[in-house]
Amino acid sequence: MQRLTIQIMAHAEHLPEGTALSAKAFLHLGNRAAVDQALSRLYERGELVRAGRGIYLKAIKSRFGSRPPTVEQAVEAIAHQRGEVIVSNGAAAANALGLSTQVPIRLVYFTSGRSRTMTVGSQTLELKHVPRWQLALANKPAGQAVRALAWLGPERAEEALSSIKRRLSAEAFGELVAAAPQFPSWLARNVGKAAHG
């Protein structure tokens, strides 16, 4: 077992800080139970951070000791490892675009995967499954606009779109308009009005 933990850490040393690791990546070193146990021991020793069931992150080491990666690093690593789209929620997107002064307290991200909660260090975040159209354009500025508009709803979308049109570059707004066929009717209609009206 000691040899397995050494092999896993030797592999992890060559990865960027905050990289996600899973048991499946190490099955060539031993059976699943042994790999799971080795990862769990590395977590208990503080070498790895457990982000969720079967997902570990490489701890970030500094002269002050080790710490977990930031939530953003963890989300990015998990999205890459699991092949999911994970993006900020609509309230956070609206705040980032200046459409709302509310600052979300809870850490909620939208995902193409299943809904679940995860812990990164002392912070708990929620990954919430949403319809595909809310994940359109992913982490691009136009994608942020989609999620902000979904959060604001049909009543406030038309007014918000005039502000979004001013804030986004012409290219980003064009991406939003091009993606309109994926949206619900109310949003597609409002995006069309903002683009052509």
Of all heavy-atom pairs between [X] and [Y], which one has the smallest distance, and what is that distance?
| X | Y | answer |
| --- | --- | --- |
| Ala180 | Ala188 | O-CB, 3.5 Å |
| Lys58 | Leu48 | CA-CD2, 4.0 Å |
| Val120 | Pro68 | CG1-CB, 4.4 Å |
| Trp186 | Ala157 | CZ3-CB, 3.7 Å |
| Gly30 | Val35 | O-CG2, 3.7 Å |
| Ala59 | Gly46 | CB-O, 3.9 Å |

What pairs of residues pass the salt bridge (charged side-chain N to carboxylate O under 4.0 Å, His left out) test when at least one of them lies in [range], not counting sequence neighbours?
| range | result |
| --- | --- |
| residues 110-125 | Glu84-Arg116 |
| residues 142-151 | none |
| residues 125-137 | Arg106-Glu126 |

Check: Gln73 and Ile60 side chains under 4.5 Å, non-hydrogen atoms: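 Yes. Closest side-chain heavy atoms under 4.5 Å.
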
Say you draw a straight line from [atom1] of [X] to [atom2] of [Y]; how long is it, rounded to the nearest 0.5 Å?
| X | Y | atom1 | atom2 | result |
| --- | --- | --- | --- | --- |
| Leu97 | Ile164 | CG | CD1 | 6.0 Å |
| Leu29 | Arg3 | CG | CZ | 8.0 Å |
| Thr70 | Gln123 | OG1 | CD | 9.0 Å |
| Leu107 | Leu125 | CG | CG | 6.0 Å |

Side-chain atoms of residues 134-145: list all donor-acceptor pairs with protein atoms under 3.5 Å, sequence neighbours left out, distances to 0.1 Å.
| unit_1 | atom_1 | unit_2 | atom_2 | d |
| --- | --- | --- | --- | --- |
| Lys140 | NZ | Glu175 | OE2 | 3.3 |

With sequence neighbours left out, what residues match [X] under side chain to side chain contact (heavy atoms under 4.5 Å, CB included)?
| X | answer |
| --- | --- |
| Ser169 | Glu171, Ala172 |
| Glu158 | Asn190, Lys193 |
| Thr119 | Thr124 |
| Glu44 | Ser40 |

task: Apply side-chain contact (heavy atoms from CB on, under 4.5 Å) to the pair Leu176 and Phe183, showing each step before the final yes or no.
output: CA-CA 10 Å; Leu176 179 65; Phe183 306 154; 4.0 Å; yes

task: Can you sort out the partners of Arg32 under side-chain hydrogen bond (donor to acceptor under 3.5 Å, both in side chains), two or more places apart, ordered by chain and number?
output: Asp36

- request: Please list, chain by chain and in numerical order, all residues satisfying side-chain hydrogen bond (donor to acceptor under 3.5 Å, both in side chains) with Gln81, sequence neighbours excluded.
  value: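 By the side-chain hydrogen bond (donor to acceptor under 3.5 Å, both in side chains) rule, Gln81 matches Ser22.
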
task: Just do the side-chain contact (heavy atoms from CB on, under 4.5 Å) check on Leu15 and Leu21 with the steps written out, would you?
output: CA-CA 10 Å; Leu15 299 173; Leu21 305 168; 3.4 Å; yes

May I ask whether [X] and [Y] are part of the same hydrophobic cluster, defined by side-chain heavy atoms of I, L, V, M, F, W, Y residues being less than 4.5 angstrom apart, directly or through others?
| X | Y | value |
| --- | --- | --- |
| Ile86 | Val130 | no |
| Val191 | Trp151 | yes |
| Leu57 | Leu39 | no |
| Val49 | Leu42 | no |
| Ile55 | Tyr43 | no |

- prompt: Taking Arg82 for the side chain and Gly113 for the main chain, is one N or O donor matched with an acceptor at less than 3.5 Å?
  reply: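 Such a contact is absent between Arg82 side chain and Gly113 backbone.
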
field: Where at least one partner belongs to residues 87-136, residue pairs that pass ring pair (Phe, Tyr, Trp, His ring centres under 6.0 Å), sequence neighbours excluded
entry: none

query: Tell me, which pairs form a ring pair (Phe, Tyr, Trp, His ring centres under 6.0 Å) where one or both residues lie in residues 4-33, sequence neighbours left out?
result: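 Every ring pair (Phe, Tyr, Trp, His ring centres under 6.0 Å) pair that includes a residue of residues 4-33, provided the two are not neighbours, is His11-Phe26.
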
message: Is it the case that over 12 heavy atoms from other parts of the model lie below 6.0 angstrom from the CD atom of Glu72?
response: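 Enclosed.
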
